[in-house]
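Report on the following structure.
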Amino acid sequence: MARSTSAAAASAAPPGTALKELLPPKEAKAMAGFGVRDLDTMLRFPPRRYTRPAPLRALDEIAEGEEMSAVVQVVSVRDRRMRSRYGFLLEAVVTDGDHELTLTFFLPKDHMVHWHRQNLVEGRWYTVYGNAGINSRTGQRQLTHPRYEPYEGTPEGRARAERPLPVYPLKKTIAQGTMRDATLHGLEHTELLSRVLPEDVIRRRGLLPLDQAVAGVHHPLTEQDITAGMAHLVTEEAFVLQAIFARRRAQDARTPAPALRATGPLQGALEERLPFELTDGQREVGAQIDERLAREHPTSVLLQGDVGSGKTVIALRAMLRAVDSGHQAALLAPTEVLAEQHHRTLTAMLGELARAGQLDGHPDATRVRLLTGSQRTAARRETLLDVTSGQAGIVIGTHALLTESVEFASLGLVVIDEQHRFGVDHRRRLRTKGPDGMSPHVVVMTATPIPRTAALATVGDLDVLTLRESPGRRAGVTSYVVPEQQPAWEQRMWARAGEEIAAGRQVFVVCPRIEEDGTEDTGEPGEDGAESWRGEDGALLAPPPETGMAGQTILPPRGVVETAERLAARPELAGARIGILHGRLAPEEKQQVMDEVQAGRIDLLVATTVIEVGVDVPNASVMVMLDAERFGVSQLHQLRGRVGRGEHPGIAFLDTRTDPGSPAAEHLASIAEAADGFALAELDLARRGAGDLVGEVQSGLGRTLRHLDVIRDAAVIEQAREDAFAVLAADPELEGHPQLAAAIDARLRDADPDVERS
Ligand code: ADP
Ligand code: MG
C-alpha cells in the first residue's frame, strides 16, 4: 500500500527551534526539503524500523553476499585516478589480525578521496559494515562502499559498533545517512525541545526523561533504549490527544445548552405511529440519549451501530424531543442525495406529525424542511424563512448548513449522519449555532464501529453508545466473492440478478469509475462532503483513505457507462429496465433516477459509490460490486448494507478479476465471511493496523496518529486519559503547561488546517 512519506503535516508543528540554526546547512536543507523545519518535529519523527548490524565476526567466517560487520585495523590506503571511468578508486587494506579484506570506494570527486584519506588512518581500528563481495580481479574478499567508524576497544565501543540503526520513512531525495547525521546533531540540543509531558506524569508512569528518550529512539545502543524511548513518545502522543478531549469536555462543561426535557407530545406520537416495535437495544440507547439531552451543557454522543441497525429512528426520536422542548433539530448528511433520502424517510415516518398548518396535520405537528444548494431560489427562501422563524422543527441538509449563514430560531440538537465524511472538528462550528449564546447538543451516527480504545484515541470527546443488534425483521445479507476468471460464476451471478428482477426485486451494480477512461467519481459537484472522503492527505504516514487493497488488478476499473451498456446486452438480464447514477449527473437528474428506483420503475441501477451511504430501497435484494478489491473495507460493508433492508434477504456479490488465491482475493473472502461491522472492524484492524483504519474511518485527529497503535497501546491510552483529565481538571486553561498547550494547538492544526481553534 502506498504510504505517504511526507513529513509536511508534522512540520506545521510547534513553535520549536528552527533547524537551520542548529544543523549544518546541507542537513538543514535536506530536512526542509522533507518538510521538517524545527527540532521538535525532527526528533519526534519516528524511524520506520531499525537494522541490526550482523554481529562482529572474524573475517574468515564471512561468506560472499553476506551482510557483515567486523572490527579491523587499517594496513594501507591507496588511491588512483581510474582509467576506464571518470573519478578515483580508493582501496584500503584492513586486517582483523589474521585475515585481510579490501575496502573499495569509487569516488567521482577528489575532495571525497581527501575525506576518506583523513578518516581512514593507517594503524587505527575501525568497525566496518557492508555486504561482502569478491574482487573479480584479485579474487579477494572486499567491501564496496562500506560504512565505517572508529572502534574504541572498550565494551561500550563494542556495543556502539553493534547498535541498531534507525531506518526512516524517507523520500528518495534524502539519504538515510543524512537523516541520521541530522538527528545526531539535533540530539546535541535536546535542552531546546518542548517539554510536553508534565514531570509528574513522566515520574508516575516510569518514563525516561525526554532527552534520553529521543536519544534512545534515534541513536540507540540497545533494543531496550528503543523501547524505553518510544514509550515516552507514545505516551506523549496519547497524552496530547487526551488533553485535547479533556479540554473540549471542560469547555463543554462551561458552555450552556438548551436542556431538552420535554417528554411529549411528538416523541410519544411517533412511537405510536411506527409500524414496528423498537428493539430493546434501541430503547436503551434512546433513553441514554434522552438523559444526555436533558443536561444543561452540550452533550456529544457517537451513536454507532451496524448498517441497518435502526439508527435513523433513534435520531428522529431525539430530534422530536428537541421540538417537544420548544427547540429545533438539524440533520446533516454527507451528500445531497442522502439529505433528500433522509427527508423522504423522516417525512414518511412522521406522516401527519410533519404536516403542521395543513388540514390533515396532527395538532402538535411540526415541519420538516430540506435545505440544499441545488434548490431553486424561491423554494430556498421559503425554507430559510421556516428555519429562521422556527416553523420548521426539523431541518435536513448537507454539512453546508454549518458553514452557511443559516440562522436557526433555536437550534437545540444537531444529528450528523455517517460521521466518517465529516472532520471531527467540523462539530466545533456548530457551537455557535445555538440560541442565546447556547450550544446545541450533538449526536453523531456511524455505521463503522470501532473498538473502544480506537474510539478513545480518536473521538475521545464523544460518549460512545452502541446498537448491537439489528431489528429482527431485517432479512440480512449473504455475501459471495465472484472470481471472474471462472465464467460460470459470473454467469450465475447475473442469472441470479435476473431471477430477483423477475421476482419483482431490484438490483444495484456499483463500479469504481464513471467511465473507463479513468474518470473517478468525486461525488457531487460543489459538495465537499464527498470530496473529503476522497481525502487529499498530507498526514504523516497515513495512507490515502481509499487506496483499496493490495494486489489490485492492472485491468482498468470498470465504469458505470460501459457497464450499463454491457449489462443491457446480457441474455440473463433481458428486459430489465436499467438506470445509471453518478456524481456528474445534474441534481435533478439524480433525483429523478432515485425517484424511479424508489417507485420500482428501474430494475437495475448501475452507479458509483454515490449510493454507498444511506440509500434505503427496501425492495432491493442484490448488490453487485464490480472490481470489489478497489473499494475500502468499510465502503464494501456500507454498499452491501444497501440490500436486504426489507423483508427480502439480500445477496451481495464481491466481483473481482484478481487472481484467486492472491492476497486481495483472500481478503475479499474474509470480508464476505465477516457477519457484521464489528467483525469487520476487527478484521480490518488486524490486517492494516489501527492507524490506517482509524484514518479511514475518522477524519480529523485519527488521521495523524504517529507513534500510537490503538490496539498495542490500549493500556497507555487509558492511563494517558486519566493523567490528562487530571491535569486539565487542576489547570483548565493550561496556564502552568504552556508547552502542552502549544503542542495541542499544533496537533489540531495538523489534523484540520481549516478549522479555527477556540
Ligand atoms: P441504519 O441507519 O442504522 O443503517 P435504519 O435506521 O435505516 O438503519 O434502519 C433500517 C431499516 O430498519 C429501516 O427500514 C427502518 O425503518 C427499519 N427499522 C428500524 N428499527 C426497526 C425495528 N425496531 N423493527 C423493525 N424495523 C426497524
Ligand atoms: Mg442510516
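In each ligand, atom 1 is the first atom listed, and ligand 1 is the first ligand listed. Excluded from the calculations below are hydrogen atoms, water molecules and symmetry mates; all remaining heavy atoms, backbone and side chain alike, are included.
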### Task
Please test Arg317 against Asp290 for salt bridge (charged side-chain N to carboxylate O under 4.0 Å, His left out), starting from the C-alpha separation and ending with a verdict.
CA-CA 9 Å; Arg317 240 187 119 264; Asp290 285 349; 3.0 Å; yes
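- Contacts of Glu277 with ligand 1, taken as heavy-atom pairs under 4.0 Å, involve the backbone alone.
- Evaluated for a side-chain contact (heavy atoms from CB on, under 4.5 Å) with Leu567, the options Val507, Val624, Leu604 yield exactly one hit, Leu604.
- Ligand-side atoms of ligand 1 in range of Gly310: 1 (P), 3 (O), 5 (P), 6 (O), 8 (O), 9 (O), 19 (C), range being under 4.0 angstrom from any heavy atom.
- For ligand 1, the polar-atom distance check against Phe276 finds no nitrogen or oxygen pair separated by under 3.5 Å.
- Residue-level proximity to ligand 1 for Leu278 is carried by the backbone, the only part with a heavy atom below 4.0 angstrom.
- Ligand 1 places these atoms under 4.0 Å from at least one heavy atom of Thr279: 23 (N).
- No hydrogens or angles considered: nothing links the side chains of Arg558 and Thr563 as a donor-acceptor pair under 3.5 Å.
- With His441 as the partner, the side-chain contact (heavy atoms from CB on, under 4.5 Å) test is satisfied by one option alone out of Val415, Leu293, Asp252, Ile289: Leu293.
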### Message
Would Arg249 and Asp461 count as a salt bridge (charged side-chain N to carboxylate O under 4.0 Å, His left out) here? Give the steps.
### Response
CA-CA 6 Å; Arg249 292 209 181 222; Asp461 54 339; over 6 Å; no
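- Counting non-hydrogen atoms of neighbouring residues, nucleotides and ligands closer than 6.0 angstrom, the CD atom of Glu277 reaches no more than 12 such neighbours.
- The shortest heavy-atom distance from Ser309 to ligand 1 is under 4.0 Å.
- Set against the non-hydrogen atoms of Thr312, the atoms of ligand 1 under 4.0 Å away are 2 (O), 5 (P), 6 (O), 7 (O).
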